[in-house]
K.L.:
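The structure is given below, and queries will be raised subsequently.
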Amino acid sequence: MARNSGFREATGDLRLESVTKSFGDFTAVDDLDLVVPRGSFFALLGPSGCGKTTTLRMVAGLEQPTAGKVLIGDTEITGSRPYERPVNTVFQSYALFPHLTIRDNVAFGPKRRGDKNALALADETLALVQVDHLAARKPAQLSGGQQQRVALARALVNRPEVLLLDEPLGALDLKLRRQLQVELKRIQTEVGLTFIHVTHDQEEAMTMADTVAVMNHGRIEQMGHPADLYDLPRTSFVANFVGRSNLGTGRVVDRDGDSLVAEVQGTKVKVPLARANATDGTVMFGVRPEKVRVLRRPPEGTGDDVKGTVLDVSFTGVATEYLVRLPSGTIWSCYEQNLDVDPIDLRPGDDVWIAWNHAHAFTVPADEAEAQAAAEATA
Amino acid sequence: MSALAHAGPAGGAPAGDTPPQERQGRSWLPYLLLVPGALWLLVFFVVPLVQLFSVSLQSQFPGYPGYYYRDVNFSNYLSALTDFAPQFGRSLLFAGLATFFAFCLAYPLAYAMAFKAGRWRNIMLIAVIAPFFTSFILRTVAWRQILADEGPVASTLNALHLLPGGHITETWAAVVAGLTYNFLPFMVLPIYASLERADHRVIEAGGDLYANGFTTFRTVTLPMSMPGVLAGTLLTFIPAAGDYVNADLLGADNTKMVGNVIESQFFKVLGGFPVAAALSFTLMALILAMVFVYVRRFGTEELV
């Protein structure tokens with residue numbers, strides 16, 4: 001059997017143009033524009049129900065968009081069937097064919113495309129994911145981690161233009177997940193295919209992807225390199241979904257050179273203009289916990305500081321987390337690396353000063369509800 | 001009923017006993033729970049089977065029709081196989097045809113119920129099961145009415161000159177139709193169960209891996225439902241091969257099956273007991289052998 005008559009050969013970047021998907025009244029994906037450069041490892045990150053899996057299924061052809069276009073390079077693939085697309089999926093539940101051996105599972109795609117070397121190709125790909133010794137077994141005889149590798153091999157063997165991974169590591173334990181994250185990245189680098197990885201685990205997205213798009217309510221909140229996303233979140237949702245942030249709602253009151261001055265719960269704070277994503281009226285001011293220092297005495301220096309009371313101390317080995325209650329009632333979290341021989345011995349109830357370099361501060365548009373939702377989604 | 005009376009107290013005793021005894025009884029309690037069922041099987045299956053086997057080897061008292069003595073006489077088997085070979089052949093053929101037609105009808109129905117029915121699914125399930133509320137005999141008699149010469153089916157076909165013999169009843173077609181109808185639910189339900197249980201993502205994966213709708217069905221959906229197909233064909237073929245009601249009510253003399261012969265040897269022919277028993281045993285052995293080969297060839301690890 002030759003290739004399906006409807007098969008669409010296409011190479012290039014994956015592009016989604018104003019893609020919308022509605023299920024009845026519910027809009028799962030809302031006017032989404034997205035370009036995934038060819039050969040990149042791209043992560044769609046978001047809480048459950050944010051539309052990331054629906055987006056993936058529209059690229060795979062398992063769902064058709066209500067409006068908009070999906071293209072690979074210049075070839076439009078909207079409306080084509082899954083088997084007509086140069087796209088393969090690694091399903092969340094692996095979805096291996098239970099009645100076929102591992103080798104036949106992997107050879108399934110190449111066989112459908114009429115490849116005479118299907119079995120050799122399958123063995124080669126099984127070796128790439130290091131499960132070639134299991135080729136003769138049935139899926140039910142494999143562990144979760146092994147099934148995951150087979151599912152990856154079954155998609156990889158086709159050398160698709162775009163490979164989709166739908167929470168592929170979700171069902172595995174933490175240690176195995178870390179190990180497979182590294183491996184997945186290695187394989188992607190080795191084969192050079194476009195990988196689109198859907199996950200709700202921000203650490204997973206950050207460790208593997210070249211570009212992360214944070215999705216919420218069917219839209220992309222922010223997209224960029226993981227380090228940039230973490231360093232300068234542009235919305236309160238991203239600030240709390242990608243890592244955690246100490247956030248406070250305040251008002252912009254002044255400008256001071258290339259900084260913005262805001263009054264947050266009775267304290268004046270400075271934010272570099274370049275890091276201000278909201279510059280007028282009510283804003284949310286934020287600093288990452290590890291950028292905040294806890295001091296016994298008022299600091300001398302150029303940073304901003306506030307006096308507070310230690311509420312809780314938790315020692316985690318590498319670092320200690322302090323929860324500090326500020327006079328306004330807000331609770332800030334501060335990570336201190338345990339670098340010194342004599343650690344600062346603080347107990348709940350002690351008075352402390354928390355300080356930060358204002359070059360690390362940022363502002364985002366005020367939206368406490370979303371900040372809260374993000375914090376709960378990652379909890 | 002005596003078996004029940006014995007089994008009841010034996011099986012029920014530990015449950016009503018005091019905790020210490022129950023703890024002590026942990027290891028043999030499961031075996032005790034097996035006792036009622038085992039007794040039932042022993043009294044109503046093993047004993048009659050042994051009895052039947054011994055009858056099949058009996059010889060007749062010469063000159064006293066209807067009287068037998070214990071013997072090891074395999075000539076009953078010989079006459080069972082030689083005299084009634086056509087009926088054996090018909091039984092297997094009709095049961096095979098009925099199984100085939102039931103499969104052809106049941107698979108699309110089960111598929112529709114599992115994947116396409118939506119909110120109609122339960123109504124369809126009830127429709128499949130509903131005939132069981134009526135007696136098997138009554139339903140077969142009803143089919144005699146439906147297929148009768150002046151009935152709607154035969155008269156329509158006759159009007160169109162599509163019925164060479166002029167009537168449907170008393171032909172093999174009526175018998176096969178009756179068998180197909182009567183055992184259809186036994187084919188539908190296991191197939192439905194295995195399709196309904198199939199992971200939809202696995203079927204989606206077929207499409208994702210370059211198989212079009214038909215290829216996905218052939219290479220993924222159908223193989224995944226094989227346990228159901230296997231169970232359904234067994235549940236249809238085995239009782240159909242031993243059935244005599246359909247051949248009796250819908251057929252004629254030239255459509256008699258083994259079941260009819262056994263029935264008439266037992267009840268209508270004086271001195272037919274040993275031959276009837278030999279026929280029963282032969283049929284059982286034949287079906288067992290065929291099922292064994294079939295399951296070895298098409299079987300999966302599990303049935304449904």
Side-chain angles (χ1 to χ4, degrees), chain A residues 1-8 53 56-57 59-63 80-100 104-115 118 122 138-141 147 150-151 153-160 162-164 166, chain B residues 103 106-107 110-111 114-121 187 190-234 294-304:
Chain A
M1 187 178 76
R3 285 196 169 174
N4 298 299
S5 52
F7 190 83
R8 300 188 193 186
T53 296
L56 198 77
R57 288 172 66 80
V59 176
L62 298 167
E63 304 278 358
S80 63
R81 316 282 298 174
Y83 56 85
E84 294 166 344
R85 300 182 180 204
V87 175
N88 291 110
T89 309
V90 176
F91 290 86
Q92 184 172 10
S93 53
Y94 317 135
L96 299 176
F97 303 124
H99 56 287
L100 298 179
D104 287 332
N105 258 282
V106 178
F108 189 93
K111 274 184 186 165
R112 298 287 88 74
R113 298 173 67 170
D115 194 322
K138 291 278 183 75
Q141 297 167 297
Q147 289 190 35
V150 175
R154 191 177 65 170
L156 269 178
V157 71
N158 305 296
R159 291 290 184 273
V162 179
L163 192 138
L164 307 172
D166 185 6
Chain B
F103 171 77
Y107 204 96
Y111 188 90
F115 296 125
K116 310 281 179 199
R119 62 204 175 91
W120 296 100
R121 177 188 286 191
M187 184 69 95
I191 295 177
Y192 166 74
S194 69
L195 282 175
E196 203 257 346
R197 226 181 31 170
D199 184 354
H200 286 217
R201 295 285 151 124
V202 175
I203 295 164
E204 273 186 352
D208 188 63
L209 293 163
Y210 313 110
N212 61 29
F214 176 72
T215 312
T216 300
F217 175 78
R218 186 173 58 79
T219 54
V220 181
T221 316
L222 185 63
M224 274 171 71
S225 64
M226 272 320 279
V229 172
L230 190 81
T233 47
L234 291 181
Y294 178 68
V295 171
R296 282 292 289 269
R297 170 69 184 79
F298 296 102
T300 47
E301 289 92 83
E302 38 157 7
L303 281 180
V304 178

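Chain A is the first sequence line, chain B the second, and so forth, proteins listed ahead of strands; every chain is numbered from 1.
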K.L.:
Is B/T219 close to chain A through its backbone or its side chain, or both, or neither, when contacts mean heavy atoms under 4.5 Å?
P.N.:
both
K.L.:
Which atom pair, heavy atoms only, marks the closest approach of A/A95 to B/A205?
P.N.:
O-CB, 3.8 Å
K.L.:
Heavy-atom distances under 4.5 Å only: say whether A/D104 touches chain B with side chain, backbone, both or neither.
P.N.:
neither
K.L.:
For the residue pair A/F97 and B/L209, establish whether any side-chain heavy-atom pair is separated by less than 4.5 Å.
P.N.:
yes
K.L.:
Select one option (side chain, backbone, both, neither) describing which atoms of A/R154 are under 4.5 Å from chain B's heavy atoms.
P.N.:
both
K.L.:
Please check if the number of heavy atoms outside A/R57 that lie under 6.0 Å from its CZ is greater than 12.
P.N.:
yes
K.L.:
Is it the side chain or the backbone of A/T89 that comes within 4.5 Å of chain B heavy atoms, both, or neither?
P.N.:
both
K.L.:
In terms of heavy-atom proximity below 4.5 Å to chain A, should B/D199 be classed as side chain, backbone, both, or neither?
P.N.:
side chain
K.L.:
Provide the closest heavy-atom pair for B/A211 versus A/Y83 in the form atom of the first, atom of the second, distance.
P.N.:
O-CD2, 3.4 Å
K.L.:
Measure the CG-CZ distance between B/N212 and A/R81 for me, rounded to the nearest 0.5 Å.
P.N.:
9.5 Å
K.L.:
Does a side-chain heavy-atom distance below 4.5 Å link A/F108 with B/V220?
P.N.:
yes
K.L.:
Quick check on the interface: out of B/T216, B/D208, B/V202, who has the most heavy-atom pairs with chain A under 4.5 Å?
P.N.:
B/D208
K.L.:
Heavy-atom distance under 4.5 Å to chain B: side chain of A/L164, backbone, both or neither?
P.N.:
neither
K.L.:
Could A/R113 and B/Y210 be counted as a cation-pi pair, given that NZ or CZ must be under 6.0 Å from the ring centre and within 45° of the axis?
P.N.:
yes
K.L.:
For A/V87, is it the side chain, the backbone, both or neither that has a heavy atom under 4.5 Å from a heavy atom of chain B?
P.N.:
backbone
K.L.:
Are any non-hydrogen side-chain atoms of B/M224 and A/L100 less than 4.5 angstrom apart?
P.N.:
no
